[in-house]
Each structure stands twice: as structure tokens, then as C-alpha cells.
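Structure first, commentary second.
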Amino acid sequence: METFVFYIFSAFMVLSALMVISVNNPVKAAFFLVLSFFASAAIWLLLEAEFLAIILVIVYVGAVMVLFLFVVMMLDINMVQIKKGFVNNLPLAVAVAIAMFATIFFVVGGESFSQSVFTIPDRHGADYSNVAELGKVLYSDYVYSFEIAAVILLVGIIAAISLTLRRRPNTRHQKIEDQIAVKSKDRLQVVKVDAQPRKYEPAKEEQK
Amino acid sequence: MLDLILSIYKIPVINILVKIIVIMVPLLLTVAYFTYAERKVIGYMQVRIGPNRVGPRGWLQPIADAMKLMFKEIIFPSDANKVLFTIAPTLAIATALAAWAVVPFGSELVLADINVALLYILAMTSIGVYGIILAGWSSNSKYAIMSTLRTAAQVVSYEIAMGFALVGVVMAARSLNIGDIVEGQSSSIWGWYMWPLLPLFVIYFISGVAETNRAPFDVAEGESEIVAGFHVEYSGILFAIFFLAEYANMILISIMAALMFMGGWLSPFEGVSALGLGDSFLAGSSIIWLLAKTAIFMFLFLWFRATFPRYRYDQIMRLGWKVFIPITIVWIYVVGLMYYLELAPWFIKG
């Protein structure tokens, strides 16, 4: 049963990953990427890594890919233009691909992941919470690397914002704090007008 | 005969299916009558009567609406992507209903009692946005695509605030399991997490309103600007499914607010002996309390819609990023401080 589920989701993952690079429409490619993420999350669930699986869905499927689609939908990508010269460059591309695959294969080949290197992990009961275990490890043994990673991310965010931030002093935008801080005096001025009865002076009829 | 039924019920698959039906049918009925309640409540708030023609006092109105939508023709816009056009509402309803798998209705009444229930619900609601994105994109209509872009940005922004609000709850309960979160609030009404986490509670609910694209955050629909947003091209049953998903999500946000901040199925009179309730059902925890608390939040959704004008888009973004996220981050620090001080009755080290 478990192997069956594994093969279904792996097939989904590999097929959708292939579709990502082969479909014509970039928006469809992004949707296939979502499907591929989702299938890999399912495989992680099979490995009893439920925390990582759900975080993968929340972060990559729920946030990263939504923003990705947001951008892709607004771009006008002409696939015909991009695919021009595909046949001419094909031999070179294949050669590069084979070279890269060979490098990776000889460095980390199948033996590096065999059962002699990694023993089959223990199964845990339903009470075992790998969220708690992960939290304990992350905040004790690896607390410095965890915090350094967090700071690097923060620096990345600040750098990205400061690169794209442009001040446009001429644009008019709402200043909420000014609006809240406003007093009735600033908006409305009550002018005291003397209510003295003016003497009625009938307009003199000037006869000329 | 009874033995036969019991033996069939004990087959795991059948057992789970029966449980799913027991959750689904009342949920869908609630959705149907929630739409009726919405029209009535908003009607009375606006000094109108609301639907009163079909059946006594209009009670059959939601059923009439459902029948009408079921028998209407599904119109596919020209050059629309038909496959994605039909997958979109399916995805919306599937995630909206799948999230209910981990919602507990009592200390034992839960379909799937998983450790990461809270994260699972967040994941399901975050996948739900793809229903809207797919609908908008596959409709081949400019109003729909504008709505999609608005929704994508809005939901992603408010998910962060909502997630941080939930971090506070998880810190207080020290568990991602919803049953444990509710049990952590037992003792009395003052044990509910809404008191120490009041800012997070408010932010959670407002973010929930924004996540479900309800007024005053309904720029995704914005009928005065972009007709009806992402479902402008939808008709018949496909439109009805979007409607169903939206209301199921609203009820989900309400029940989650009741579970995480208002003690779920715990009685508000728990631990109060002065009232002399003794062992009566008012003092004991039961599903009635959970449903009553959920109903309060469901009413709030309707009240908001009748009260507030729609936010402008930049105001929504400002509220999410510049107000809610800073407040939640500060309050997570405050929760840590309360933990350090072991503030009773919430933060006692067990």
C-alpha cells in the first residue's frame, strides 16, 4: 500500500516536473511546478516528516508560487521568440546536460544513498511529534546556525527593499497618522460673528 | 441486523466515510442556512425584510437558490481554458472541505487527530487561493485577472499576520494539536487564550475576514469596480461551488477562532460554583458551547458586511504589513515574557 502511494506521487512529481520545462505557456508551467511541490510534500508525509511536508506546502505552494504566478501572469512572454534557435543549440545543450549529469553522478552517485550508508530510520508511533523534536534540535544544538541563517535572510530582505525603494516626494498618498492625529480645530474653524442688529437703511431712491 | 450494521461500520474505510458524511452534511446545511441568515440579518440591519417568499418566512430560499444554480447552464467563455476553468472551483471546495478533517468538535469528537493540525489548516487555506487564481486566469477576462492579482497579494499578506497570530497560540498551548490547545484553556473563563493574547485574537479574526475575501476586504469581488471579480464568468453549479467554498471557509475561520481563543467546547461557567449550576449541562463542556461560540463569529462576519465600507487596496496592504505584522511580532515577544514570569493561569510550566 505504502509503496503504491509512493509510486503514484513520484510519478506525479516527475511528470509534472517534466511538464514544467515542456509546456508552452509559462503560467501553466508554474501550475505544474505547484503540482510537483505538492507531490513531493506527499512523499515527505510518507517519510513521517509531517512538519516539513506541511511547511513545504505553506511556504512554497502557498506563498512563493502565488507570488511567482503573480509576476508570470503580468509578463507578456512570447514563447515562439524564446524557442527560436532551439534546434541549432540542441547539440551543445545536450552535451552540457550530459557533462553536468555525469559530474553529479560520479560525485554523489547511487552508492552514496544506498542502505549501507543510510540505515532505514526507525518508525515512531502516533504519539511521536517530530515538530517538538525538530524544535529541540533547532534551538539547542543548531541554535547559532539557525540564528545566523535568520539574520542572513533579514539582510537579504533589507537589501532587496533598499535596492527597489525609490522616494517620490511629489506623489500624494494617505498619511494615516496625520489623519488620526487631526483635531477638530484643524478642520473646522468657528468664527464668532457679532449678531448685532444692523440698522435698516432703506436704499435711497435716487431720482435722477 | 444491528450486528451486521456494526460489523460493516467497523471496516476502516466505511468507518471513515461515515464520519466524513457526519461532518459534511451538517456543514453543507449550515452553509445553506448561513446564506439565508446573511440575507435576513443584513436585511434587518438595513431596515429591509430580506427573502420571505419561498416557504414559510423564506425558509426554503437557500434550497430554491441551490436548485436554480444546479439546473442553470454552465457557460464557458470563448478562448477560456476549459480544463482549468472547471478545476478551479473544484480546488476551492476541496481545500475548504479538507481543512475540516482535523477540526475537533469535542475532546473525543475528531476525524483526524493529528499533531500538526494547526499547520494543516493553514496549508489547506493557503492552497485554497489557487482556486481563485486559476479561476481568474482561465476565465480569459480582464476583470477576473485583475481580481486574481488583487487576491494573490492580499491573501499572501494576511497569511503572514495570521500565521504569527497562531504562533502566539502555539506558544501558549505548547502544541499544534487543536485538542491540546483547547485543553490548555481549561480552568475557567479567564483561562481562555483570548485574554493574554487579545491583540493576536483580534488580528487573527480580522486576517480571517481578509483571507476569506469578505467585506470590508472584498476587493477580490469588488462589484462596484470589477463586476464580480474572479467568478464573473462563472455560472450555474460552478458558481455555486465557489459560493459554497467561501462560506465553508468563513465557518472554518469562525470555529477556529472559537477553538483557539475562546476555549472551544469548554463551558464559560466552568469552575464557577457561585451560580449553583452544579453538574448541569451549562457547567459541563459540550459541543453546544463550541457551536454557540462559532455562531458569534459567524454573526460578526455578517455584521461587518452590513457595517463597513470596502477598504481601498492600498489601505488593505498598509493594514496587513504595517499594522498587523509589527503588532503580532511584538506580542509574540510579550508572550515569551509572560512565559518567563509564569503568569497564571495560562503560562504555568507543567
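So that the names make sense, note that chain A is the first sequence line, chain B the second, and so on, each numbered from 1. These figures come from a predicted structure and were not determined experimentally.
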Nearest 0.5 Å, please: how far is CD1 in B:I206 from CG in B:L319?
7.0 Å
Scan side-chain atoms only and decide if B:Y313 and B:R318 contain a donor-acceptor pair under the 3.5 Å cut-off.
no
Proximal component of [X], with respect to chain A [non-hydrogen, under 4.5 Å]:
X	answer
B:S175	neither
B:N177	neither
B:L134	both
B:L176	side chain

Which of A:A41, A:A132, A:G62 touches chain B most, by non-hydrogen pairs under 4.5 Å
A:G62
Top of A:L56, A:V59, A:V57 for chain B proximity - count of heavy-atom pairs under 4.5 angstrom:
A:V57
Top residue by heavy-atom pair count (under 4.5 Å) with chain A, among B:V116, B:V156, B:L149?
B:L149
In the structure I gave you, are the side-chain heavy atoms of B:T86 and B:F76 within less than 4.5 Å of one another anywhere?
yes
Heavy-atom side-chain contact between B:I121 and B:I178 under 4.5 Å:
yes
What part of A:V61 is in contact with chain B, defined as an atom under 4.5 angstrom from a non-hydrogen atom: side chain, backbone, both or neither?
both
Say whether, by atom type as modelled, one donor and one acceptor occur between the side chain of B:Q154 and the main chain of B:A210 under 3.5 angstrom.
yes
Closest non-hydrogen contact found for B:I316 with B:Y158 is O-OH, 2.9 Å
